[in-house]
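Below is one structure, written out as structure tokens; the observations come after it.
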Amino acid sequence: MRRVESQVSAGVSALVSLAVLLVGLSFAEECLVPVGSTWKYMDDGSDQGSLWREVGFDDGSWAAGAAQLGYGDGDEVTVVGYGPDPGNKFVTTYFRHNFNVADPSLYGGLLLRLLRDDGAVVYLNGTEVARSNMPAGPTNYLTLASSAVSGGNEDAFFHYFVSAAYLVAGTNVLTVEIHQSSVTSSDISFDLELRTTGLMRKGPYLVYEGDNTEMCLMWQLHSTAACTVEWGPDTLCSSGSVPTSEYGPDHQHAYTVTGLVPSAKYFYRVIAGSDTCTGSFRAGPSSDSATLKFIAYGDTRTYPSDHDQVAGGILSTYAADEEFQTLVLNVGDLVGDGDEESNWDSQFFDPTYSNIQTLLASAPYQAAMGNHEGSGVLFTKYFAYPFVSNRYWSFDYGPAHFVVVDQYTSYGPGSAQLDWIEDDLASTTRPWRFVYLHEPGWSAGGHGNNADVQAYIQPLCEEHGVSILFAGHNHYYARAEVNGVRHITTGGGGAPLYTPGVSYPNVVTTAMEYHYCKIEIDHDMLTLTAVNTAGEVIDECTMENQVVSVPEPGPGIPSGTVVLHTALPNPFNPSTRIVFLLEKREDIVLRVYDTSGRTVRTLVSGWREADRHEVVWDGRDNEGRLLASGVYLCKLETPDGCESKKVVLLR
């Protein structure tokens, strides 16, 4: 039986201190055109030109029916026609809907939600305000949609933010043209919702850039407006108040709060016109902290309602244990098409999904780039981390060091990224090291194992004591173990689930579940717990840190006194040669440790003359028993200090 985590309701009412709250609005949010509205339509294949888009157009001869409108899927409320020839259907069908607005000045902006199959162009009072799955440039009644729509996209609502300046007092008209991708396409579908909204379009959300005395707040508005950021140690937010102005061409804002006390909790609010958004966060822990709790998950794309359930689970974890309100790792594929602004609006930053927005406003969101982020232009627009180059970088957080790999920039031998990863891991002094990226080296089927991760990233993980490599890409949970490195596939953040296979190499366990991972570090021990949206534990494992658990008897050996060479071969099976040089007669001990710090073999103990020495280790312990595959540490100890080298045993 699965253990159920102690959780509270994922509802925002249990998370008042975390919630993003819209307060003090000068208008009541209003639905101007609801889903399922009645539309006038023309389905005779005619060329309607452009006059049909205007408010004063006479549509008295047009038919009328409630949405969803269309044909071919069987879920239509109103079935429209396609002409006499099923093999040569009409390309374009036209729709009109009138609605009234008393005072447009009350509205900060408009949210248009569009269901279309295949393509659509939407006009408000004669002006184009949205184009979806259609080619650029002028359209007419014979213009085909850019591509056929299938699967979940046939029922998806795509989001577009529209300026309220297009509204007029009195009668307004929405007009929509739905286009087929081919004359033989089997179906069309159409529905639409238009709601008023405030100035806030995205956020606020948090990004951690590596300084534990700072936190970056980011948000985006519908239109140009000055904003104010306030923060403090309680909900009064009395420590600071600063105005902000937008940067770039798309009404984005950012402000970095400085002077924070490490690990302290802060509250903030962002004021944009009559909108006030509030949230909270914890500053990063001190560099000498020995404990840390954080969350990891990924593949949140396509189905925000499922992602919202996962986010609700994470918020429940925060409510049960505030020490988890630190940072969130996302292993990529945040949205279905990262090059489409509407995907970021509808799948990731949609205020309808309150758990996702509360999560983004409550802990810094540290994401790797996935293949569905496309070119990465919008990914870096909304998550402007301090990249070293392209989309790779690293940061320290308490006792942990995190390396973020960009798999869509070369990381093979001789590449700038691989050289940087090696130097970065070699130079960190944090005892716990993590790598996260999108495509896994060892997983349980679906997308195949990434050979470059196996060939280039895995050896660096082994050499530099990386405890866990987090990945996604495959939409399930899986844990694999390779030479002391745990490979966690945490792709159950909302994307359609895959069926994992348990027979793949090095895979220990799997689960076809929407889930997230809780990681708890306590000095040299780490516990990883994977939890599904029902609060059930689907996997749990613990590990000791090989970097901190091997005893260090003294300072390093003075340069030139002793040299311990890397074992050859390495990796090895069944035996390897260990060579060391002594410049003077020394009383030495050469031991082999496992990753828990336990001595498994003493190879040399006693006085040795100044000379070159060689010893063979056969992969056995002091009792002559064969040891398991894994990473081991050869340590040469002298009265002056010690030197050590890692060696990998492969059975």
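Owing to the predicted nature of the structure, the values given are computational and were not obtained by experimental measurement. FYI, side chains are in, hydrogens and waters are out, and symmetry mates aren't considered; it's all heavy atoms of this structure.
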Quiz item: Can Y476 and N474 be counted as having a side-chain donor-acceptor contact under 3.5 angstrom?
Solution: yes
For the residue pair T533 and H515, confirm or rule out a side-chain donor-acceptor distance under 3.5 Å. no
Minimal heavy-atom distance between C31 and R195, with the atoms involved, is CB-NH1, 3.5 Å
request  = Assign the ring pair F434 / F294 to parallel, tilted or perpendicular, where the plane angle (0 to 90°) is split at 30° and 60°.
outcome  = perpendicular
- Item | F324 ring center within less than 6.0 Å of Y318 ring center | no
Original post:
Are L194 and L111 side-chain neighbours, meaning at least one heavy-atom pair lies under 4.5 Å?
Top reply: no
Point to revise | Q220 and D250 side chains, donor-acceptor separation under 3.5 Å | key: yes
Can a side-chain donor-acceptor contact be found between H438 and N371 if the only test is distance below 3.5 angstrom? yes
Is there a side chain to side chain contact (heavy atoms under 4.5 Å, CB included) between I457 and D452? Walk through the geometry before answering.
CA-CA 7 Å; I457 303 299; D452 289 344; over 6 Å; no
Is the Y303 to Y353 ring centre distance short of 6.0 Å?
no
Notebook entry, point to check: What class does the angle between the rings of F402 and Y436 fall in, given that below 30° is parallel, 30 to 60° is tilted and above 60° is perpendicular?
Noted result: perpendicular
Under a 4.5 Å cut-off applied to non-hydrogen side-chain atoms, are S189 and E154 in contact? no
One pair to check against side chain to side chain contact (heavy atoms under 4.5 Å, CB included): L192 and V33. What are the steps and the verdict? CA-CA 7 Å; L192 182 149; V33 180; 4.3 Å; yes
Give a yes-or-no answer on whether the side chains of T291 and D522 include a donor-acceptor pair shorter than 3.5 Å.
no
Heavy atoms of M200 and V270 approach each other most closely as CE-CG1, 4.1 Å
* With no hydrogens and no angle check, do the side chains of Q417 and N390 hold a donor and an acceptor under 3.5 Å apart? -> no
Any chance the side chains of D424 and H401 put a donor and an acceptor closer than 3.5 Å? yes
Closest non-hydrogen contact found for M512 with Y498 is CG-O, 3.1 Å
- Message: For S375, is there any backbone N or O sitting under 3.5 Å from a side-chain donor or acceptor partner on D339?
- Response: yes
Please confirm whether the ring centroid of F190 lies under 6.0 Å from the ring centroid of F95. yes
For this session: Start with the C-alpha distance between D73 and D117, add both sets of side-chain angles, then the distance that settles side chain to side chain contact (heavy atoms under 4.5 Å, CB included), and finish with yes or no.
Result: CA-CA 11 Å; D73 286 331; D117 180 359; 4.2 Å; yes
Side-chain donor or acceptor of Q68 paired with backbone N/O of L115 under 3.5 Å: no
Interatomic distance, CD@E373 vs CG@D406, rounded to 0.5 Å, equals 11.0 Å
With a 4.5 Å limit on heavy-atom distance, are the side chains of L144 and H179 in contact? no
TODO: Measure the shortest side-chain to side-chain distance between S443 and T489 over non-hydrogen atoms and say whether it is less than 4.5 angstrom.
DONE: yes
Exercise. In terms of side-chain heavy atoms, does E246 have a donor or acceptor partner in H251 at a distance below 3.5 Å?
Worked result: yes
Between Q357 and D350, the two heavy atoms sitting closest are NE2-O, 3.3 Å
What one should report as the nearest heavy-atom pair of T529 and E540 is OG1-OE2, 2.9 Å
- Axial cation check for F158 ring with R116, 6.0 Å and 45° limits: yes
* Can you find a side-chain donor-acceptor pair between T256 and E214 that sits under 3.5 Å? -> no
For Y208, is there any backbone N or O sitting under 3.5 Å from a side-chain donor or acceptor partner on Q366?
yes
Aromatic plane relationship, F383 with Y385 - under 30° parallel, 30 to 60° tilted, over 60° perpendicular
parallel
So salt bridge (Lys or Arg N to Asp or Glu O under 4.0 Å) across residues 479-490, not counting sequence neighbours, yields R479-E481, R479-D539, E481-R486
Between Q458 and V453, is the side chain to side chain contact (heavy atoms under 4.5 Å, CB included) condition met? List the steps.
CA-CA 6 Å; Q458 174 68 17; V453 173; 5.6 Å; no
Notebook entry, point to check: Quick one: are S132 and Y160 in side-chain contact, heavy atoms under 4.5 Å?
Noted result: yes
Between Y365 and N330, the two heavy atoms sitting closest are OH-ND2, 2.7 Å
So do the side chains of V404 and M369 get within less than 4.5 Å of each other, counting heavy atoms only? no
Exercise for review: Could you tell me whether a side-chain N or O of T358 sits under 3.5 Å from a main-chain N or O of S354, the two making a donor and an acceptor?
Suggested key: yes
Quiz item: Should K265 and E322 count as an ion pair when the cut-off is N to O under 4.0 Å?
Solution: yes
query = What class does the angle between the rings of H487 and W442 fall in, given that below 30° is parallel, 30 to 60° is tilted and above 60° is perpendicular?
reply = perpendicular
Proximity of F349 and Y205 rings by center, below 6.0 Å = yes
query = Going by atom types only, do N483 and E462 share a side-chain donor-acceptor pair under 3.5 Å?
reply = yes
Treating D308 as the side-chain partner and I356 as the backbone partner, does any N or O pair qualify as donor plus acceptor under 3.5 Å? yes
Given side chains that start at C-beta, do those of N450 and P440 come closer than 4.5 Å, heavy atoms only? no
Q: Indicate whether the side chain of H307 and that of Q347 have a donor and an acceptor atom separated by less than 3.5 Å.
A: no
Any side-chain heavy-atom pair from I295 and L329 closer than 4.5 angstrom? no
